There are 2 protein chains.
Amino acid sequence: MRSFGADTRMPTVAAVLDLIRERRTVSRVELAEATGMTQATMTHAVRKLMAMGFVHEVGKARSSNGMPRRLVELVPEASYQVGIQFDRYTAVGVVIDLAGATVVRRDLPGAGDRHPEEVLLEYAGAVDTMLDAASIPREKVLGIGLATHGPQDRGKGVLLTPQPSPDWREFPLAARLQEATGLPVALENDATAAGIGVQAKADAASNFAVVFMSGGIGAGVIIDGHPYRGATSNGVELGHISVEARGPRCACGNRGCLDMISGPAGVTGQAMRNRSLISRLGLGKDTLTDFLAIGRAAASGDAEAEVLIDTSKQHLAIATITLVNLFDVGRVVLAGAAFAEFGDVYLDALQEDLDESVFMRHVHSVQVRLAENPADAPAVGAAMVVLRDLLESPGEFPTPAT
Amino acid sequence: MRSFGADTRMPTVAAVLDLIRERRTVSRVELAEATGMTQATMTHAVRKLMAMGFVHEVGKARSSNGMPRRLVELVPEASYQVGIQFDRYTAVGVVIDLAGATVVRRDLPGAGDRHPEEVLLEYAGAVDTMLDAASIPREKVLGIGLATHGPQDRGKGVLLTPQPSPDWREFPLAARLQEATGLPVALENDATAAGIGVQAKADAASNFAVVFMSGGIGAGVIIDGHPYRGATSNGVELGHISVEARGPRCACGNRGCLDMISGPAGVTGQAMRNRSLISRLGLGKDTLTDFLAIGRAAASGDAEAEVLIDTSKQHLAIATITLVNLFDVGRVVLAGAAFAEFGDVYLDALQEDLDESVFMRHVHSVQVRLAENPADAPAVGAAMVVLRDLLESPGEFPTPAT
DNA sequence: CTCTTATTATTAAGCCACTAAATTTAACGT
DNA sequence: ACGTTAAATTTAGTGGCTTAATAATAAGAG
């Protein structure tokens, strides 16, 4: 059955808000040009946003003659959104303002082997701490975006995967966090969130893919400004595509999965078979920490570590070429904790391989970039989801008086 | 720059027309339920379609009490659309009626090494022949859909690829065919067209991928009823993803491309290195003919041919798993001339591998099917594109008098 | 200083696609 | 004949946009 009801188009006010954030200072005329709508419509959209207190006029543009353009800007402190991204090994919490700027950030402990209830209560506490630290009044906080790995039911706010432990499957993540904090909670795939987080930045394209590496590998595709969500609203499972046809079986059932070869678990697993490497780098902590240690060693010339990272790079390049060939995007952005420290090492390798292997490269080039803040992008993106949801569901805000 | 103007939503009349075709005989109440819109809206939509002559009332449903539902049906002969799909080796022309039924079909010669002008003139002649054969009046023909391989600019109606020969690049395909026939022409990617063609059939899902194999391998993804088109409106380049990390370089720049291993060119290329196979199967004709001969031989127990086809199957399965993992679709449909004869051999292998390797299989199953008419699906889909374009662009038809 | 010109912003009127609610139509049972 | 029930239609709106007219604002010309 086809679904007709859901209108995937971004409502005008939301689009205008995004544009104002993107351009920082902008006139109504420019907004009209950028959206393809009329100036009259921009008058209305800007008026709505002003009535919400989200934007204000900040002056006039110089012009040779004629009425000068009146410039509008966001009022960053008009609202705040919380974003939390976590997986087994690591977690990041942020509070962003309306302009998308990170006001507070905290590294948080990953979920580890704990029960979801315990983890959520810790994060709920972190939300309080962060808001207090920046002395942000609760009524200005629109909600919390929660970015996690794996298949999920965004509507219900639950994970569909039994990882890290069976307790997580169907556990009411969104509902419990909402209860514990008193704030609305939206669930989002971490790689997709990273895509949204990257999109919020200044020179963001509207067609790109994020390759996300933290505990595992995933991808988020933003196409024509909208996140791609398959049939069941999930992320793009880049980590479980085969990059070694005769590779070992992965727990997912597939052979030679990218995650097993290029991901932190795969690289660390390889390293743990090498005694000298273990003692030299002091391995044996959690997977991500070990992976970062290996990466640092490779960057500073450790030959054995280099071999491991090279393998990881090469296979990630294969997968990224596949991703680009299938989705036909013009840019790839690297994000996630695993890229935070030496993402540029991966970047160069990817760019080189893409330049010679992407099918569409003669029609358009494909650029690889590192996210502005690789480790925070998913949390920031999750926080942005809150705002988007709000603006896309009509009637949440009082319509301004005419 | 983000684009806001384009509304990706299918207009109501188009959606209603599709539903009527899908259900054959249907009441306004059912249409309202299926679309999620009100009965009043269905009254209007059906009235418009009746004013166009596209649907008519055919009777009333029995009901215990209350006003009986008035049933509407398509008027199949209200309009006709032409579809032509071609590549280097093969081509198919069809005329379909409004109900999507194939009224005429013709096998046509592929483009071969000829100049585009010559090929187009031949196809233009075929259009005339087909329309005459079914004695279809010209004014009832809405237009021609042209499905071809490779990167293309659908807006301009030109190919962006210099294949089969450099003459094709930027050659005004749509414009010239339009001139030669006097009918509007829409260009479409062949794999995407196959998706649209499959979708038109009775039990079509709204989320699926088509794996298309004719001269080469491609894919079309239909998500939420709409074809996925990347940043540059192209198909999903399944044929050029790597399925053998250390495989030979392909002309596209990538290594171990699916097309080189599983595609007709790859399989035939392998076969041509085997003298006994060549003479036994009488190879040496064009690539697709040879491939079909090898497939038939494998099906009837030729051991050497079986090895080749098995390799092809296995690697196609790897690529299909990748496709499903990345796009998260619930169904895969096989289409294209190469599957027309022994597609079921591929189907079983794919289903088996997908069942044990797709990441989301615990959340939802993935079914593999053969298209109803594998060889014709792209041409039929191309023909449907004409109708869609017409209904989605407003003001093409006179608004019915109230 | 006033008038013209160029440009931007706002308002007014209206269109389009849809909805909600009231009304009409068509069958049935008593 | 009369009520009951359900479907279809009409009516009157609504929301989000457009076009076209109008108002505001500044630079430069005279």
Side-chain angles (χ1 to χ4, degrees), chain A residues 4-7 9-17 25-51 55-72 391-402, chain B residues 4-7 9-17 25-51 55-72 391-402:
Chain A
F4 299 105
D7 189 344
R9 179 184 53 182
M10 198 183 308
T12 305
V13 276
V16 169
L17 187 71
T25 295
V26 68
S27 68
R28 291 169 181 75
V29 181
E30 290 171 272
L31 289 172
E33 279 164 11
T35 58
M37 287 181 252
T38 64
Q39 295 179 16
T41 306
M42 292 308 108
T43 296
H44 296 311
V46 169
R47 178 151 47 212
K48 263 187 197 169
L49 289 168
M50 291 205 299
V55 308
H56 62 175
E57 293 195 344
V58 291
K60 303 168 181 195
R62 269 210 53 81
S63 69
S64 54
N65 52 356
M67 183 169 177
R69 302 181 168 187
R70 279 147 62 187
L71 302 171
V72 296
L391 288 171
E392 290 186 6
S393 66
E396 290 295 325
F397 276 99
T399 313
T402 16
Chain B
F4 299 105
D7 189 342
R9 180 183 52 183
M10 197 183 307
T12 305
V13 276
V16 169
L17 188 71
T25 295
V26 69
S27 68
R28 290 169 181 76
V29 180
E30 291 170 274
L31 289 173
E33 281 164 10
T35 58
M37 287 181 251
T38 63
Q39 295 180 17
T41 306
M42 293 308 108
T43 295
H44 295 311
V46 170
R47 180 155 41 214
K48 262 187 198 166
L49 289 168
M50 291 203 300
V55 308
H56 62 175
E57 292 195 345
V58 291
K60 304 170 183 192
R62 268 212 54 79
S63 71
S64 54
N65 51 0
M67 183 171 178
R69 302 181 168 188
R70 279 146 62 186
L71 302 172
V72 297
L391 288 171
E392 291 187 6
S393 67
E396 290 296 326
F397 276 99
T399 313
T402 18

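Just so you know, these numbers come straight off a predicted model, no measurement behind them.
Expressed to the nearest 0.5 Å, how far OG of Ser27(A) lies from CD of Glu33(A) amounts to 7.5 Å. Here the straight-line distance linking atom CE of Met37(A) with atom CE of Met42(A) works out to 5.0 Å at 0.5 Å rounding. The distance from atom CD of Glu30(B) to atom OG1 of Thr35(B), rounded to the nearest 0.5 Å, is 11.5 Å. Remark: His44(A) NE2 to Leu49(A) CG distance equals 13.5 Å, nearest 0.5 Å.
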- Please test Thr38(A) against Thr41(A) for side chain to side chain contact (heavy atoms under 4.5 Å, CB included), starting from the C-alpha separation and ending with a verdict. CA-CA 5 Å; Thr38(A) 64; Thr41(A) 306; 2.9 Å; yes

- Task: May I have the step-by-step check of side chain to side chain contact (heavy atoms under 4.5 Å, CB included) for Val58(A) and His56(A), ending in yes or no?
- Result: CA-CA 6 Å; Val58(A) 291; His56(A) 62 175; 3.5 Å; yes

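Among the nucleotides dT19(C), dT18(D), dG16(D), the one closest to the side chain of Thr41(B) is dT19(C).
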So which protein nitrogen or oxygen atoms get under 3.5 Å of nucleotides 5-8 of chain D's nitrogens or oxygens?
from: dT5(D); atom 1: O2; to: Gly66(B); atom 2: N; distance (Å): 3.0
from: dA6(D); atom 1: N3; to: Met67(B); atom 2: N; distance (Å): 2.9
from: dA7(D); atom 1: OP1; to: Arg69(B); atom 2: NE; distance (Å): 2.8
from: dA7(D); atom 1: OP1; to: Arg69(B); atom 2: NH2; distance (Å): 2.8
from: dA7(D); atom 1: O4'; to: Met67(B); atom 2: O; distance (Å): 3.0
from: dA8(D); atom 1: OP1; to: Arg70(B); atom 2: N; distance (Å): 2.6
from: dA8(D); atom 1: OP1; to: Arg70(B); atom 2: O; distance (Å): 3.4
from: dA8(D); atom 1: OP2; to: Val29(B); atom 2: N; distance (Å): 3.3
from: dA8(D); atom 1: O3'; to: Arg70(B); atom 2: NH1; distance (Å): 3.3

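In this structure, Leu391(B) atom CG and dA17(C) atom P are separated by 13 Å, rounded to whole Å. Rounded to an integer number of Å, the gap from Met42(B) CE to dT9(D) P is 12 Å. Atom CZ of Arg47(A) and atom P of dC17(D) are 14 Å apart (whole Å).
The phosphate of dA26(D) has OP1 or OP2 within less than 4.0 Å of a side-chain N or O from Lys60(A).
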